[in-house]
Amino acid sequence: MGEVTANTTQEKTPKKSWFKGLKSEFKKIVWPDRESLVKESAAVIVITVILGLVIALIDMAVEYGVNLII
């Protein structure tokens, strides 16, 4: 098998340049407005409740089936 001869040492960037890059990336973030945030949060809550009910119903059906078999 061939040996890997890649250079494993990496030059580290100075912390100041890393923080500058981080700051510039944060400036690119587009935050949602209040109306869309409320709509999306409501959608997440509704879907979570619906899926929770579906999972609970499936769990009760499986439990009933197992108890019936036993």
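Note that the numbering runs from 1 along the sequence shown for the chain.
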> Please list, one pair per line, the donor and acceptor atoms closer than 3.5 Å that link side chains of residues 62-70 to other protein atoms, with sequence neighbours excluded.
residue: N67; atom: ND2; partner: E63; partner atom: O; Å: 3.3

> Pick one: which of I55, L51, V49 meets side chain to side chain contact (heavy atoms under 4.5 Å, CB included) with L53?
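By the side chain to side chain contact (heavy atoms under 4.5 Å, CB included) criterion, L53 pairs with just one of I55, L51, V49: V49.
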> D33: what forms a side chain to side chain donor-acceptor pair (under 3.5 Å) with it, not counting sequence neighbours?
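For D33 the side chain to side chain donor-acceptor pair (under 3.5 Å) partners, ignoring immediate neighbours, are S36.
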> Using residues 22-29 as the side-chain source, report each donor-acceptor pair under 3.5 Å to any protein atom, sequence neighbours left out, with the distance given to one decimal.
residue: S24; atom: OG; partner: G21; partner atom: O; Å: 2.8
residue: E25; atom: OE2; partner: K28; partner atom: NZ; Å: 3.2

> Checking one residue: V44. Which other hydrophobic residues are in its cluster under the side-chain 4.5 Å linking rule?
none
> Using a 4.5 Å cut-off between side-chain heavy atoms of Ile, Leu, Val, Met, Phe, Trp and Tyr, which other residues end up in the same hydrophobic cluster as M60?
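Members alongside M60: L57.
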> Give me each pair satisfying salt bridge (Lys or Arg N to Asp or Glu O under 4.0 Å) with a member in residues 46-60, each pair once, sequence neighbours excluded.
none
> Once salt bridge (Lys or Arg N to Asp or Glu O under 4.0 Å) is applied, what residue pairs with a partner in residues 39-57 remain, sequence neighbours excluded?
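Applying salt bridge (Lys or Arg N to Asp or Glu O under 4.0 Å) to every pair that reaches into residues 39-57, excluding sequence neighbours, yields E35-K39.
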